[in-house]
Amino acid sequence: MRAAPEQLDVLSLGETMALLVAQEPGPLDQVQSFNKRLAGADSNVAIGLARLGFKVGWVSRVGADSFGRYVRQTIEAEGVDTSQVEVDPNRSTGFMLKSRSVDGSDPAIEYYRRGSAASQLGKAHLKLDYALKVRHLHTTGITPALSPAARELVAHAMMTLRGAGRSVSFDPNLRPSLWPDTATMRDTLNELARHADWVLPGHAEGQLLTGQSSPADIAAWYIDRGAKAVVVKMGVEGAYFRTASGEHGQVPGVPVPVVVDTVGAGDAFAVGIISARLEDLTWPQALRRANWIASRALQVIGDMEGLPTRAELTAQDIV
(Lines give C-alpha, C1' and ligand atoms only; values in the text may rest on other atoms or scores of the structure.)
Protein backbone atom coordinates (compact mmCIF):
# COMPACT_ATOMS: atom_id res chain seq x y z
CA MET A 1 0.00 0.00 0.00
CA ARG A 2 1.31 3.44 -0.92
CA ALA A 3 1.74 6.18 1.68
CA ALA A 4 -1.16 8.66 1.88
CA PRO A 5 -0.59 11.76 -0.27
CA GLU A 6 -0.05 15.17 1.30
CA GLN A 7 -2.93 16.70 -0.65
CA LEU A 8 -6.03 15.29 -2.34
CA ASP A 9 -8.46 16.66 -4.87
CA VAL A 10 -11.45 14.43 -4.09
CA LEU A 11 -12.60 12.11 -1.32
CA SER A 12 -15.28 9.43 -1.68
CA LEU A 13 -16.55 6.91 0.84
CA GLY A 14 -18.71 3.83 0.79
CA GLU A 15 -18.96 0.14 0.02
CA THR A 16 -17.42 -1.57 -2.97
CA MET A 17 -18.36 -5.17 -3.67
CA ALA A 18 -17.00 -7.88 -5.87
CA LEU A 19 -19.25 -8.14 -8.94
CA LEU A 20 -19.90 -11.44 -10.70
CA VAL A 21 -21.38 -10.53 -14.09
CA ALA A 22 -22.94 -13.18 -16.32
CA GLN A 23 -21.03 -14.02 -19.49
CA GLU A 24 -24.20 -15.01 -21.34
CA PRO A 25 -27.78 -13.70 -21.28
CA GLY A 26 -30.53 -15.47 -19.39
CA PRO A 27 -31.87 -15.87 -15.84
CA LEU A 28 -29.15 -15.83 -13.20
CA ASP A 29 -30.06 -19.31 -12.00
CA GLN A 30 -29.35 -20.65 -15.49
CA VAL A 31 -26.05 -18.87 -16.11
CA GLN A 32 -22.96 -21.06 -15.77
CA SER A 33 -20.10 -18.58 -16.25
CA PHE A 34 -19.38 -15.22 -14.64
CA ASN A 35 -16.61 -12.63 -14.87
CA LYS A 36 -15.31 -10.97 -11.72
CA ARG A 37 -15.35 -7.16 -11.63
CA LEU A 38 -15.94 -4.31 -9.17
CA ALA A 39 -19.26 -2.76 -8.12
CA GLY A 40 -19.45 0.40 -6.06
CA ALA A 41 -20.83 3.81 -6.97
CA ASP A 42 -18.38 5.73 -4.81
CA SER A 43 -15.33 3.83 -6.04
CA ASN A 44 -16.54 4.14 -9.66
CA VAL A 45 -16.39 7.92 -9.27
CA ALA A 46 -13.03 7.71 -7.50
CA ILE A 47 -11.56 5.59 -10.30
CA GLY A 48 -13.01 7.84 -13.01
CA LEU A 49 -11.48 10.94 -11.45
CA ALA A 50 -8.13 9.21 -10.90
CA ARG A 51 -8.02 8.25 -14.59
CA LEU A 52 -8.42 11.95 -15.41
CA GLY A 53 -5.38 12.80 -13.28
CA PHE A 54 -7.00 13.85 -10.00
CA LYS A 55 -5.62 12.77 -6.64
CA VAL A 56 -8.42 10.78 -5.04
CA GLY A 57 -8.87 9.08 -1.68
CA TRP A 58 -11.41 6.40 -0.79
CA VAL A 59 -12.67 5.53 2.71
CA SER A 60 -14.14 2.05 3.19
CA ARG A 61 -13.96 -1.33 4.90
CA VAL A 62 -13.45 -4.80 3.41
CA GLY A 63 -13.25 -8.28 4.81
CA ALA A 64 -10.04 -10.25 5.32
CA ASP A 65 -10.95 -12.43 2.33
CA SER A 66 -10.12 -12.85 -1.34
CA PHE A 67 -12.91 -10.52 -2.45
CA GLY A 68 -11.62 -7.83 -0.06
CA ARG A 69 -8.07 -8.15 -1.36
CA TYR A 70 -9.36 -8.03 -4.94
CA VAL A 71 -11.41 -4.88 -4.27
CA ARG A 72 -8.59 -3.04 -2.56
CA GLN A 73 -5.85 -4.06 -4.98
CA THR A 74 -7.93 -3.23 -8.05
CA ILE A 75 -8.87 0.23 -6.79
CA GLU A 76 -5.32 0.99 -5.68
CA ALA A 77 -4.01 -0.08 -9.09
CA GLU A 78 -6.19 2.65 -10.61
CA GLY A 79 -4.23 5.27 -8.66
CA VAL A 80 -6.76 5.81 -5.86
CA ASP A 81 -5.36 6.18 -2.34
CA THR A 82 -6.62 3.29 -0.17
CA SER A 83 -4.75 4.15 3.03
CA GLN A 84 -8.11 4.73 4.79
CA VAL A 85 -9.52 1.30 3.92
CA GLU A 86 -9.91 -0.87 7.02
CA VAL A 87 -9.76 -4.68 6.94
CA ASP A 88 -12.34 -6.43 9.15
CA PRO A 89 -11.19 -9.88 10.33
CA ASN A 90 -14.72 -10.94 11.30
CA ARG A 91 -17.01 -9.71 8.53
CA SER A 92 -16.94 -10.53 4.85
CA THR A 93 -16.72 -8.35 1.76
CA GLY A 94 -20.06 -7.95 -0.01
CA PHE A 95 -20.60 -9.24 -3.51
CA MET A 96 -23.35 -9.16 -6.12
CA LEU A 97 -24.54 -11.00 -9.20
CA LYS A 98 -25.56 -9.19 -12.39
CA SER A 99 -27.26 -10.64 -15.46
CA ARG A 100 -26.21 -9.95 -19.03
CA SER A 101 -28.75 -7.72 -20.78
CA VAL A 102 -28.82 -7.72 -24.59
CA ASP A 103 -31.71 -5.33 -25.29
CA GLY A 104 -30.54 -2.21 -23.42
CA SER A 105 -32.76 -2.87 -20.41
CA ASP A 106 -31.52 -2.76 -16.83
CA PRO A 107 -29.90 -6.07 -15.84
CA ALA A 108 -31.18 -8.26 -13.02
CA ILE A 109 -29.14 -7.82 -9.84
CA GLU A 110 -28.86 -9.86 -6.64
CA TYR A 111 -26.99 -8.47 -3.61
CA TYR A 112 -25.10 -10.43 -0.95
CA ARG A 113 -24.05 -7.57 1.29
CA ARG A 114 -26.13 -7.71 4.48
CA GLY A 115 -23.81 -7.48 7.51
CA SER A 116 -20.77 -6.89 5.32
CA ALA A 117 -17.57 -5.27 6.56
CA ALA A 118 -18.52 -1.99 4.91
CA SER A 119 -21.91 -1.94 6.63
CA GLN A 120 -20.00 -1.17 9.83
CA LEU A 121 -18.62 2.12 8.53
CA GLY A 122 -19.14 4.96 11.01
CA LYS A 123 -18.01 8.43 12.03
CA ALA A 124 -14.76 7.09 13.50
CA HIS A 125 -13.62 6.04 10.01
CA LEU A 126 -13.37 9.64 8.83
CA LYS A 127 -10.00 10.91 10.04
CA LEU A 128 -10.18 14.72 9.96
CA ASP A 129 -6.48 15.23 9.31
CA TYR A 130 -6.95 13.11 6.18
CA ALA A 131 -10.35 14.47 5.12
CA LEU A 132 -9.28 18.10 5.33
CA LYS A 133 -6.61 17.47 2.70
CA VAL A 134 -9.30 17.42 0.02
CA ARG A 135 -10.89 20.03 -2.21
CA HIS A 136 -14.10 18.13 -2.82
CA LEU A 137 -16.23 15.38 -1.23
CA HIS A 138 -18.47 13.11 -3.32
CA THR A 139 -21.25 11.14 -1.62
CA THR A 140 -24.16 8.97 -2.70
CA GLY A 141 -27.42 7.75 -1.23
CA ILE A 142 -26.18 4.15 -1.16
CA THR A 143 -23.80 4.41 1.80
CA PRO A 144 -26.39 5.85 4.23
CA ALA A 145 -28.66 2.90 3.39
CA LEU A 146 -26.13 0.38 4.73
CA SER A 147 -26.66 1.05 8.45
CA PRO A 148 -27.47 3.86 10.91
CA ALA A 149 -23.74 4.23 11.62
CA ALA A 150 -22.93 4.58 7.91
CA ARG A 151 -25.70 7.17 7.66
CA GLU A 152 -24.05 9.12 10.48
CA LEU A 153 -20.71 8.94 8.69
CA VAL A 154 -22.09 10.44 5.48
CA ALA A 155 -23.89 13.27 7.28
CA HIS A 156 -20.80 13.98 9.39
CA ALA A 157 -18.51 14.05 6.35
CA MET A 158 -20.83 16.32 4.37
CA MET A 159 -21.37 18.82 7.19
CA THR A 160 -17.71 18.83 8.24
CA LEU A 161 -16.24 19.38 4.80
CA ARG A 162 -18.86 21.87 3.62
CA GLY A 163 -18.37 23.75 6.88
CA ALA A 164 -14.63 23.82 6.17
CA GLY A 165 -15.23 25.43 2.79
CA ARG A 166 -14.87 22.35 0.60
CA SER A 167 -17.40 21.64 -2.13
CA VAL A 168 -19.68 18.63 -1.70
CA SER A 169 -21.63 16.67 -4.33
CA PHE A 170 -24.47 14.25 -3.64
CA ASP A 171 -25.96 11.68 -6.01
CA PRO A 172 -29.14 10.16 -4.48
CA ASN A 173 -28.47 6.91 -6.38
CA LEU A 174 -31.65 5.25 -5.12
CA ARG A 175 -31.51 1.62 -3.96
CA PRO A 176 -35.02 1.00 -2.58
CA SER A 177 -34.20 -2.61 -1.65
CA LEU A 178 -31.70 -1.36 0.94
CA TRP A 179 -34.25 0.81 2.78
CA PRO A 180 -37.08 -0.27 5.11
CA ASP A 181 -39.61 1.82 3.14
CA THR A 182 -39.87 4.60 0.58
CA ALA A 183 -40.70 7.31 3.12
CA THR A 184 -37.55 6.62 5.15
CA MET A 185 -35.44 6.63 2.00
CA ARG A 186 -36.97 9.88 0.76
CA ASP A 187 -36.73 11.74 4.05
CA THR A 188 -33.17 10.60 4.81
CA LEU A 189 -31.79 11.42 1.38
CA ASN A 190 -33.49 14.81 1.21
CA GLU A 191 -32.04 15.68 4.61
CA LEU A 192 -28.56 14.72 3.39
CA ALA A 193 -29.04 16.71 0.19
CA ARG A 194 -29.38 19.86 2.32
CA HIS A 195 -25.67 19.56 3.11
CA ALA A 196 -24.53 19.33 -0.52
CA ASP A 197 -23.41 22.08 -2.86
CA TRP A 198 -24.27 20.08 -5.99
CA VAL A 199 -27.20 17.64 -6.07
CA LEU A 200 -27.25 15.19 -9.00
CA PRO A 201 -30.55 13.24 -9.21
CA GLY A 202 -31.92 11.34 -12.16
CA HIS A 203 -35.26 12.66 -13.41
CA ALA A 204 -37.29 9.75 -12.01
CA GLU A 205 -35.32 9.90 -8.75
CA GLY A 206 -36.01 13.60 -8.42
CA GLN A 207 -39.72 13.08 -9.01
CA LEU A 208 -39.90 10.43 -6.29
CA LEU A 209 -37.83 12.41 -3.80
CA THR A 210 -39.36 15.86 -4.27
CA GLY A 211 -42.88 15.23 -5.59
CA GLN A 212 -42.11 17.64 -8.44
CA SER A 213 -42.57 16.69 -12.10
CA SER A 214 -40.32 18.75 -14.33
CA PRO A 215 -36.50 18.94 -14.14
CA ALA A 216 -36.81 22.69 -13.55
CA ASP A 217 -39.11 22.22 -10.56
CA ILE A 218 -36.98 19.40 -9.12
CA ALA A 219 -33.90 21.62 -9.35
CA ALA A 220 -35.73 24.59 -7.81
CA TRP A 221 -36.91 22.38 -4.92
CA TYR A 222 -33.31 21.54 -3.96
CA ILE A 223 -32.07 25.08 -4.58
CA ASP A 224 -34.71 26.34 -2.13
CA ARG A 225 -33.26 23.96 0.48
CA GLY A 226 -29.65 25.08 0.22
CA ALA A 227 -28.06 23.56 -2.88
CA LYS A 228 -25.83 25.85 -4.94
CA ALA A 229 -26.51 23.87 -8.13
CA VAL A 230 -28.68 20.95 -9.22
CA VAL A 231 -28.16 18.78 -12.28
CA VAL A 232 -31.03 16.51 -13.32
CA LYS A 233 -30.04 13.55 -15.51
CA MET A 234 -32.58 12.94 -18.28
CA GLY A 235 -31.24 9.93 -20.18
CA VAL A 236 -31.33 10.30 -23.96
CA GLU A 237 -32.59 13.87 -23.57
CA GLY A 238 -29.35 14.90 -21.86
CA ALA A 239 -29.36 16.86 -18.63
CA TYR A 240 -30.82 20.02 -17.10
CA PHE A 241 -29.01 22.32 -14.67
CA ARG A 242 -30.00 25.19 -12.42
CA THR A 243 -27.86 27.24 -10.04
CA ALA A 244 -28.72 29.31 -6.99
CA SER A 245 -27.69 32.42 -8.94
CA GLY A 246 -30.41 31.75 -11.52
CA GLU A 247 -28.36 30.27 -14.36
CA HIS A 248 -30.14 27.33 -16.01
CA GLY A 249 -30.28 25.34 -19.20
CA GLN A 250 -30.44 21.93 -20.84
CA VAL A 251 -27.59 20.19 -22.67
CA PRO A 252 -28.55 17.43 -25.13
CA GLY A 253 -27.38 13.87 -24.64
CA VAL A 254 -24.79 12.01 -26.70
CA PRO A 255 -26.29 9.42 -29.08
CA VAL A 256 -25.40 5.83 -28.15
CA PRO A 257 -25.58 3.30 -31.03
CA VAL A 258 -26.11 0.26 -28.77
CA VAL A 259 -26.72 0.31 -25.02
CA VAL A 260 -24.75 -2.59 -23.55
CA ASP A 261 -24.99 -1.98 -19.79
CA THR A 262 -26.86 0.81 -17.99
CA VAL A 263 -25.25 0.27 -14.57
CA GLY A 264 -22.57 2.83 -13.77
CA ALA A 265 -23.74 5.50 -16.22
CA GLY A 266 -24.83 7.82 -13.40
CA ASP A 267 -21.44 7.45 -11.72
CA ALA A 268 -19.73 8.24 -15.02
CA PHE A 269 -21.91 11.34 -15.30
CA ALA A 270 -20.77 12.43 -11.83
CA VAL A 271 -17.13 12.02 -12.91
CA GLY A 272 -17.79 14.49 -15.73
CA ILE A 273 -19.50 17.05 -13.51
CA ILE A 274 -16.96 16.92 -10.68
CA SER A 275 -13.88 16.94 -12.91
CA ALA A 276 -15.16 19.83 -15.01
CA ARG A 277 -16.18 21.98 -12.06
CA LEU A 278 -12.86 21.39 -10.29
CA GLU A 279 -11.24 22.66 -13.48
CA ASP A 280 -13.44 25.79 -13.35
CA LEU A 281 -15.40 24.93 -16.48
CA THR A 282 -18.88 26.40 -16.90
CA TRP A 283 -21.98 24.38 -16.06
CA PRO A 284 -22.91 23.83 -19.74
CA GLN A 285 -19.35 22.61 -20.38
CA ALA A 286 -19.58 20.33 -17.34
CA LEU A 287 -22.84 18.81 -18.60
CA ARG A 288 -21.39 18.22 -22.06
CA ARG A 289 -18.43 16.37 -20.54
CA ALA A 290 -20.69 14.41 -18.21
CA ASN A 291 -23.03 13.35 -21.02
CA TRP A 292 -20.09 12.13 -23.10
CA ILE A 293 -18.50 10.12 -20.28
CA ALA A 294 -21.89 8.59 -19.40
CA SER A 295 -22.39 7.60 -23.05
CA ARG A 296 -19.12 5.64 -22.91
CA ALA A 297 -20.22 3.80 -19.79
CA LEU A 298 -23.42 2.66 -21.51
CA GLN A 299 -21.44 0.94 -24.28
CA VAL A 300 -19.39 -1.53 -22.23
CA ILE A 301 -19.99 -4.35 -19.76
CA GLY A 302 -18.97 -3.43 -16.23
CA ASP A 303 -19.59 -0.53 -13.91
CA MET A 304 -16.35 1.42 -14.49
CA GLU A 305 -14.66 -0.13 -17.53
CA GLY A 306 -15.83 2.66 -19.87
CA LEU A 307 -14.44 5.53 -17.79
CA PRO A 308 -11.91 7.42 -19.96
CA THR A 309 -8.34 8.47 -19.31
CA ARG A 310 -7.31 12.10 -19.71
CA ALA A 311 -5.71 11.23 -23.06
CA GLU A 312 -8.98 9.73 -24.32
CA LEU A 313 -10.90 12.79 -23.15
CA THR A 314 -8.47 15.09 -24.95
CA ALA A 315 -8.45 12.96 -28.13
CA GLN A 316 -12.21 13.42 -28.45
CA ASP A 317 -11.84 17.19 -28.03
CA ILE A 318 -14.01 17.09 -24.90
CA VAL A 319 -13.34 20.26 -22.91
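These figures come from a predicted structure and were not determined experimentally.
For the residue pair R242 and Y222, no side-chain donor N or O sits within less than 3.5 Å of a side-chain acceptor on the partner. Between the side chains of S116 and E15, at least one donor N or O sits under 3.5 Å from an acceptor N or O. At a cut-off of 3.5 Å, with distance as the only test, a side-chain donor of T93 or D65 sits close to an acceptor on the other residue. Inspection of the S275 and R289 side chains reveals an N or O donor paired with an N or O acceptor under 3.5 Å. H125 and Q84 share no side-chain donor-acceptor pair at under 3.5 Å. With hydrogens and angles left out, the side-chain atoms of E191 and T188 include no donor and acceptor closer than 3.5 Å. Checking T243 against H248 by side-chain atom types alone, no donor-acceptor pair falls below 3.5 Å. The closest side-chain donor-acceptor pair between H138 and S169 falls under 3.5 angstrom.
Shortest non-hydrogen contact noted between V80 and A50 is CG2-CB, 3.9 Å. In this structure, V256 and S295 approach most closely via the heavy-atom pair CG2-CB, 3.7 Å. The minimum heavy-atom distance linking V251 with P284 is given by the pair CG2-O, 3.9 Å. Taking all atoms of both residues into account, the shortest heavy-atom contact from A22 to V31 is CB-CG1, 3.7 Å. Contact record, A46 with S12: CB-OG, 3.6 Å, taken as the closest heavy-atom pair. The shortest heavy-atom contact between Y130 and W58 is OH-N, 4.2 Å.
With contacts defined as side-chain heavy-atom distances shorter than 4.5 Å, the pair L174/L189 qualifies. Inter-residue side-chain proximity for L287 and V231 is flagged as met; some heavy-atom pair is nearer than 4.5 Å. Residues M17 and Y111 meet the side-chain proximity criterion, which asks for heavy atoms closer than 4.5 Å. Inter-residue side-chain proximity for R186 and N190 is flagged as met; some heavy-atom pair is nearer than 4.5 Å. Between V10 and I274, some side-chain heavy-atom pair lies under the 4.5 Å cut-off. Within the 4.5 Å cutoff, no side-chain heavy atoms of R51 are placed close to those of P308. Here the side chains of D42 and S60 are not in contact, with every heavy-atom distance at 4.5 Å or above. Counting only heavy atoms from C-beta outward, the side chains of L20 and N35 never approach each other to under 4.5 Å.
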Stepwise salt bridge (charged side-chain N to carboxylate O under 4.0 Å, His left out) test for R69 and E76: CA-CA 10 Å; R69 291 188 291 275; E76 186 170 308; over 6 Å; no
Full working for side-chain contact (heavy atoms from CB on, under 4.5 Å) between V230 and W221: CA-CA 9 Å; V230 179; W221 194 91; over 6 Å; no
Criterion side-chain contact (heavy atoms from CB on, under 4.5 Å) on L19 and K98, from CA distance to verdict: CA-CA 7 Å; L19 165 63; K98 183 168 75 171; 3.7 Å; yes
Audit row: K133, K55, side-chain contact (heavy atoms from CB on, under 4.5 Å) steps and yes/no: CA-CA 11 Å; K133 294 177 179 181; K55 294 179 180 178; over 6 Å; no
Check against side-chain contact (heavy atoms from CB on, under 4.5 Å), M158 and L192: CA-CA 8 Å; M158 294 176 77; L192 288 171; 4.2 Å; yes
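The main-chain N or O of Q285 is found under 3.5 Å from a side-chain atom of T282 such that the two form a donor-acceptor pair. Formation of a donor-acceptor pair under 3.5 Å by the S147 side chain with backbone atoms of Q120 is not found in this model. At least one donor-acceptor pair under 3.5 Å links the side chain of Q250 to the backbone N or O of E237. Panel note: side chain R135, backbone L278; a donor-acceptor pair is recorded below 3.5 Å. S43 contributes a side-chain N or O that, together with a main-chain N or O of G40, makes up a donor-acceptor pair within less than 3.5 Å. Panel note: side chain K233, backbone H203; no donor-acceptor pair is recorded below 3.5 Å. In this structure, D217 contributes its side chain and S213 its backbone to no donor-acceptor pair below 3.5 Å. Formation of a donor-acceptor pair under 3.5 Å by the R113 side chain with backbone atoms of G94 is not found in this model. Not one N or O on the side chain of T184 forms a donor-acceptor pair closer than 3.5 Å with the backbone of P180. Side-chain atoms of D9 never come within 3.5 Å of backbone atoms of F54 as a donor-acceptor pair (strictly under, hydrogens ignored).
Across I47, L313, L307, T309, a single residue satisfies side chain to side chain contact (heavy atoms under 4.5 Å, CB included) together with L52, and that is L313.
Taking a cutoff of 4.0 Å between a charged side-chain nitrogen and a carboxylate oxygen, E312 and R296 qualify as a salt bridge. With respect to the salt-bridge test (charged N to carboxylate O, under 4.0 angstrom), the residues D197 and R162 qualify. One finds a salt bridge joining D88 and R61 here, because a Lys/Arg side-chain nitrogen approaches an Asp/Glu carboxylate oxygen to under 4.0 Å.
Judged by a 6.0 Å distance limit and a 45° cone about the ring axis, R175 is not positioned over the six-membered ring of W179.
Side-chain heavy atoms closer than 4.5 Å link hydrophobic residues (I, L, V, M, F, W, Y) into clusters, and following such links, possibly through other members, connects L137 to L128. No chain of hydrophobic side-chain contacts below 4.5 Å, direct or via other Ile, Leu, Val, Met, Phe, Trp or Tyr residues, connects M96 to L28. No chain of hydrophobic side-chain contacts below 4.5 Å, direct or via other Ile, Leu, Val, Met, Phe, Trp or Tyr residues, connects F241 to V236. Residues L126 and V134 share a single hydrophobic cluster, defined by chaining ILVMFWY side chains whose heavy atoms lie under 4.5 Å apart. Both Y240 and F170 belong to a common hydrophobic cluster when Ile, Leu, Val, Met, Phe, Trp and Tyr are linked at side-chain heavy-atom distances under 4.5 angstrom.
Distance CD/E78 to CD/Q73: 13.5 Å, rounded to 0.5 Å. A distance of 14.0 Å separates CG in L38 from CZ in R72, rounded to the nearest 0.5 Å. Separation of atoms NZ (K127) and OG (S83) is listed at 10.0 Å; rounding is to 0.5 Å. To the nearest 0.5 Å, atom CD of residue Q30 and atom OG of residue S99 are 13.0 Å apart. Considering CG of L161 and CE of M159, their distance stands at 11.0 Å, rounded to 0.5 Å. Note that CG of N173 and OG1 of T140 are 5.5 Å apart. Values are rounded to the nearest 0.5 Å.
Within the 6.0 Å centre-distance limit, the rings of W198 and H136 are counted as a close aromatic pair.
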